[in-house]
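Scroll down for the structure; my scribbles are underneath it.
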Amino acid sequence: MGVVTRFAPSPTGFLHIGGARTALFNWLWARHCGGKFLLRIEDTDRERSTQEAVDAIFNGLKWLGIDWDEEPVFQSSRLQRHIELARKLVDEGKAYYCYCTPEELEAMREEAKAKGLSPRYNRMWRDRDSKDAPQGVKPVIRLKMPVDGDTVLSDLVQGKVVVTNDHLDDVILVRSDGSPTFMLSVVVDDHDMGITHVIRGDDHLTNTFRHIRIFEAFGWKVPQYGHIPLIHGVDGAKLSKRHGALGIESYRDMGYLPEAICNGLLRLGWSHGDDEIISQQQAVEWFTLENLGKSASRLDFMKLANLNGYYLRKASNERLLEELLKLIGKVSKEKEERLLLGMNGLKQRAKTMLELRDLSSIYVDDFHRAEVSKENEGILHAVAAELKSVDNWTESNLEQILRSWADRSNFSFGKVAQSIRSQLTGRKITPGIFDMLFSFGKTESLRRIEAVSIQRKKRMY
RNA sequence: GUCUCCAUCGUCUAGCUGGCCUAGGACAUCGCCCUUUCACGGCGACAACACGAGUUCGAAUCUCGUUGGAGAUACCA
């Protein structure tokens with residue numbers, strides 16, 4: 001049977017970075033095996049689930065280049081089936097109604113704790129007849145968990161994990177309000193969707209023992225599990241809102257490229273020897289669960305930025321222009337042309353789209369020219385005169401002309417270059433001057449350089 | 001408290017069928033080179049096997065303990 005994986009987020013927040021990585025791993029594994037990757041939206045908590053969050057998940061995945069097979073399953077549409085199956089378990093004697101109140105349960109937990117035991121339900125209704133039920137108490141349905149022995153999980157990532165059954169509660173399948181719990185729903189849905197491999201965060205590891213028992217109660221085949229270590233915040237604790245556990249769209253807004261995010265996420269916990277730059281295609285080919293680490297990791301923004309810089313440099317100028325225009329809005333055809341010509345020089349100086357946007361403003365904005373020293377003014381006049389006669393406006397030709405001019409005039413080339421740079425852009429840090437002269441074009445370059453005389457005139461008034 | 005998991009440079013990690021490890025790579029940091037600025041690129045430096053016992057001729061690698069960290073302990077998912 002082919003491999004079927006799934007990503008099952010609950011749409012209560014946005015697609016955060018940890019979820020994105022879980023999705024990525026499931027997707028990679030499915031694609032690597034030529035299997036299917038399914039999506040299930042766990043929207044059973046209607047109060048907290050929003051359409052906005054559902055859209056954010058879909059859009060985030062698409063942005064990352066993670067596609068899914070078949071229509072996404074919405075868990076809310078399957079509640080009836082979940083409940084029916086729980087009742088069936090009761091009929092078969094594998095589950096039972098429990099009439100305990102929250103207060104009673106709390107007391108049991110306290111008592112167990114006081115004895116130094118695992119806090120759990122004392123199974124008082126497990127073998128009692130429902131005829132004894134107190135009036136007016138709506139029961140929950142609990143599964144009869146095995147009393148002795150162990151439950152063993154052979155995890156694809158964590159290896160063999162064993163827990164003795166006396167630490168396992170009789171898990172609640174259906175709440176007193178008649179709604180199925182997460183424990184029940186996941187198992188039923190994973191079964192119905194034909195999931196063969198469940199790759200999820202290791203915060204689910206202990207739940208898995210319960211899941212396994214529910215699978216067994218139904219007599220279903222238990223899928224393979226792989227619990228991946230969590231991504232931690234800078235303080236080493238589980239990523240959460242208080243770390244600003246950001247939605248994937250925040251990373252887009254910070255100017256990261258999706259391939260950089262994927263590459264960065266992939267390297268968090270997974271490795272392929274010393275390889276650092278790994279394309280999505282390469283990842284699909286290489287990805288296996290054995291190469292996953294077991295310890296938690298932190299997202300390193302410096303490394304992410306470095307990766308992003310790499311992918312930025314590698315991206316086509318056309319694509320970057322398109323992305324750039326999304327950030328700065330429409331510009332004239334002429335400026336667009338300039339940006340495209342100058343993109344090679346811009347992109348190697350930026351780590352994020354935001355930096356690219358800031359740098360690229362040299363080709364878009366007019367700047368307020370600063371005062372120019374007497375000497376520099378002289379240089380610029382001469383340069384302007386020299387450039388006027390240039391017909392072959394190419395980088396190499398411009399370089400030849402200006403270098404030889406500096407030579408002849410006994411100016412250090414550095415001084416000339418800085419003068420031109422400043423007059424052209426008003427900045428000290430820019431792409432190379434020949435690159436810029438070429439990107440601006442002859443007309444605009446001369447206009448800017450010759451503006452030095454106009455500045456002088458203005459000062460005289 | 002109880003259960004489970006984890007533990008190599010500041011960070012991400014390679015190594016983990018024991019010897020090729022005086023522990024490799026990447027990011028960050030710091031030098032130098034290239035150079036019209038800044039980047040890019042190149043070269044180099046700094047920097048880690050948590051601790052303690054064992055097993056062994058030999059341990060980052062195996063075992064046990066300690067310490068530290070994380071996750072889970074809900075009628076949330």
Side-chain angles (χ1 to χ4, degrees), chain A residues 8-10 12 42-45 47-49 75 98 100-102 105-106 109 112-120 138-142 153 155 157-159 161-164 166-169 172-183 185-186 201-209 227 229-230 232 234 236-238 264 267-277 291 293-307 309-310 313 345-351 359 399 402-403 406 412-422 425 427-434:
Chain A
S10 59
T12 53
E42 307 211 321
D43 58 345
T44 49
D45 189 341
E47 303 272 298
R48 294 195 297 151
S49 301
Q75 198 161 59
C98 163
C100 284
T101 63
L105 293 172
E106 185 54 33
R109 278 192 285 268
K113 257 190 188 179
K115 286 183 190 159
L117 300 169
S118 270
R120 61 177 178 80
K138 291 231 173 78
V140 300
I141 297 178
R142 304 185 92 117
L153 163 65
D155 195 87
V157 177
Q158 306 289 337
V161 186
V162 184
V163 76
T164 54
D166 57 342
H167 293 291
L168 264 27
D169 239 339
I172 295 182
L173 266 18
V174 177
R175 301 187 189 94
S176 54
D177 67 359
S179 63
T181 61
F182 159 78
M183 295 291 171
S185 295
V186 193
D202 69 11
D203 50 341
H204 281 292
L205 191 70
T206 46
N207 286 331
T208 306
F209 297 107
H227 287 92
L230 264 20
H232 284 172
V234 278
K238 187 180 175 180
R267 286 288 290 107
L268 243 41
W270 184 86
S271 60
H272 184 270
D274 285 339
D275 294 303
E276 295 287 348
I277 303 281
N291 295 331
K294 292 167 124 189
S295 54
S297 51
R298 313 172 191 206
L299 187 58
D300 181 353
F301 279 86
M302 298 305 282
K303 193 154 184 170
L304 225 202
N306 179 272
L307 265 176
Y310 171 84
R313 269 173 264 136
L346 296 174
K347 70 184 180 186
Q348 67 172 309
R349 290 173 171 78
K351 294 230 183 292
L359 232 197
E399 171 153 16
L402 287 178
R403 277 192 193 278
S412 79
F413 181 72
K415 189 171 185 58
V416 175
Q418 273 308 69
S419 224
I420 296 173
R421 181 188 324 285
S422 172
T425 66
R427 298 193 188 190
K428 289 198 166 64
I429 296 171
T430 72
I433 56 166
F434 308 117

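So you know, we letter chains A, B, ... as the sequences are listed, proteins then strands, and number each from 1.
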Residues A:Thr181, A:Val174; criterion side chain to side chain contact (heavy atoms under 4.5 Å, CB included); working and verdict
CA-CA 6 Å; A:Thr181 61; A:Val174 177; over 6 Å; no

So, does A:Ser297 get its side chain near the phosphate of B:rU13, meaning an N or O under 4.0 Å from OP1 or OP2?
yes

Check the pair A:Gln158, A:Leu205 against side chain to side chain contact (heavy atoms under 4.5 Å, CB included), reporting the backbone distance first and the verdict last.
CA-CA 9 Å; A:Gln158 306 289 337; A:Leu205 191 70; 4.3 Å; yes

Watson-Crick/G-U partner (both atom distances under 3.5 Å) of B:rG18
none

Determine the contact category for A:Gly345: base if any of its heavy atoms lies under 4.0 Å from a base atom, sugar-phosphate if only primed atoms, P, OP1 or OP2 are that close, otherwise nothing.
nothing

Check this one for me: any side-chain N or O of A:Ser271 less than 4.0 Å away from OP1 or OP2 of B:rA14?
yes

Exam field: side chain A:Arg120 to backbone A:Asp166, donor-acceptor pair closer than 3.5 Å
yes

Counter-base of B:rG58, judged by Watson-Crick or G-U geometry with both distances under 3.5 Å:
none

Determine the Euclidean distance between corresponding P atoms of B:rG18 and B:rU29; express it in Å to zero decimal places.
40 Å

Let me know the distance between NE2 of A:His204 and C1' of B:rC5, rounded to the nearest Å.
15 Å

Atom CG of A:Leu307 and atom P of B:rG25 are separated, to the nearest Å, by 18 Å

Interatomic distance, A:Asp275 CG vs B:rG24 C1' [rounded to whole Å]
13 Å

Considering only side-chain heavy atoms of A:Gln158, which listed nucleotide, B:rA70, B:rA74, B:rC6, is closest?
B:rC6

May I ask you to say what A:Arg109 touches in the nucleic acid, namely base, sugar-phosphate or nothing, with a heavy-atom cut-off under 4.0 Å?
sugar-phosphate

Quick check: closest heavy atoms across A:Arg427 and A:Leu359, and the distance to 0.1 Å?
NH1-CA, 4.0 Å

Closest listed nucleotide, where the reference is the side chain of A:Ser176 and the choices are B:rA77, B:rC75, B:rU4
B:rC75

For A:Ile172 and B:rA77, give me the distance from atom CD1 to atom C1', rounded to whole Å.
14 Å

Can you tell me how far P in B:rG65 sits from the matching atom in B:rU73, rounded to whole Å?
26 Å

Rounding to a whole Å, what distance do you find between A:Lys294:NZ and B:rU13:P?
14 Å

Paired to B:rU37 by Watson-Crick or G-U wobble criteria (both distances under 3.5 Å) is none

When you compare B:rU37 with B:rA60, how far apart are their C1' atoms, in angstrom units rounded to a whole number?
46 Å

Work out how far the P atom of B:rC64 is from that of B:rC27, and round it to whole angstrom.
38 Å

Where the side chain of A:Arg267 meets the backbone of A:Trp270, is there a donor-acceptor pair that is under 3.5 Å apart?
yes

Tell me what A:Val162 touches on the nucleic acid: a base, only sugar-phosphate, or nothing, going by heavy atoms under 4.0 Å.
sugar-phosphate

Checking all strands, does A:Val161 fall into the base, sugar-phosphate, or nothing category for heavy-atom contacts under 4.0 angstrom?
sugar-phosphate

Side chain of A:Ser49, backbone of A:Asp45: donor and acceptor closer than 3.5 Å?
yes

Using the P atom as the reference point in each nucleotide, state the distance between B:rG24 and B:rG44 in Å, no decimals.
13 Å

Assess the pair A:Phe182 and A:His204: is the distance between their ring centroids shorter than 6.0 Å?
yes

How is A:His227 classified with respect to the nucleic acid when contacts are heavy atoms under 4.0 Å: base, sugar-phosphate, or nothing?
nothing

Looking for any heavy atom pair under 4.0 Å, which part of the strands does A:Asn207 touch: base, sugar-phosphate only, or nothing?
base

If we call it a pair only when both distances are under 3.5 Å in a Watson-Crick or G-U wobble match, what pairs with B:rC27?
B:rG10

Which base sits across from B:rC32 as a Watson-Crick or G-U pair, both distances under 3.5 Å?
B:rG42

Encode nucleotides 26-44 of chain B as B, S and - characters from 5' to 3', where the letter depends on protein heavy atoms closer than 4.0 Å: B to the base, S only to sugar-phosphate, - to neither.
BBS-------BBBBSS---

Out of A:Asp202, A:Asp155, A:Asp203, which residue meets the side-chain hydrogen bond (donor to acceptor under 3.5 Å, both in side chains) rule with A:His227?
A:Asp155

Which heavy atom in A:Leu346 sits nearest to a heavy atom in A:Pro431, and how many Å separate them?
CD2-CG, 3.9 Å

Can you tell me how far C1' in B:rA23 sits from the matching atom in B:rC49, rounded to whole Å?
7 Å

Can you tell which of B:rC3, B:rC75, B:rA77 lies closest to the side chain of A:Val163?
B:rC3

Roughly how far apart, to the nearest Å, are B:rC46 and B:rC30 at atom P?
16 Å

Value in whole Å for how far the C1' atom of B:rC12 lies from CD1 of A:Ile277
13 Å

Considering only side-chain heavy atoms of A:Leu205, which listed nucleotide, B:rC75, B:rC6, B:rU4, is closest?
B:rU4

Need to verify one output field. Residue with the more 5' nearest nucleotide on RNA chain B, A:Phe182 or A:His167?
A:His167

Pick the closest RNA chain B nucleotide for A:Lys115 and for A:Leu299 by heavy atoms, then say which residue is nearer the 5' end.
A:Lys115

At what distance, to the nearest 0.5 angstrom, does CZ of A:Arg349 lie from CZ of A:Arg313?
11.5 Å

Rounding to the closest angstrom, what is the interatomic distance between B:rG41 and B:rU8 at atom P?
29 Å

What integer distance in Å separates A:Asp202:CG from B:rG69:C1'?
13 Å

Go ahead and name the base partner of B:rA53; Watson-Crick or wobble counts if both distances stay under 3.5 Å, otherwise write none.
B:rU63

Calculate the interatomic distance between A:His232 atom NE2 and B:rC12 atom P; express it in whole Å.
11 Å

Mate of B:rU73 where both pairing distances stay under 3.5 Å, Watson-Crick or G-U
B:rG1

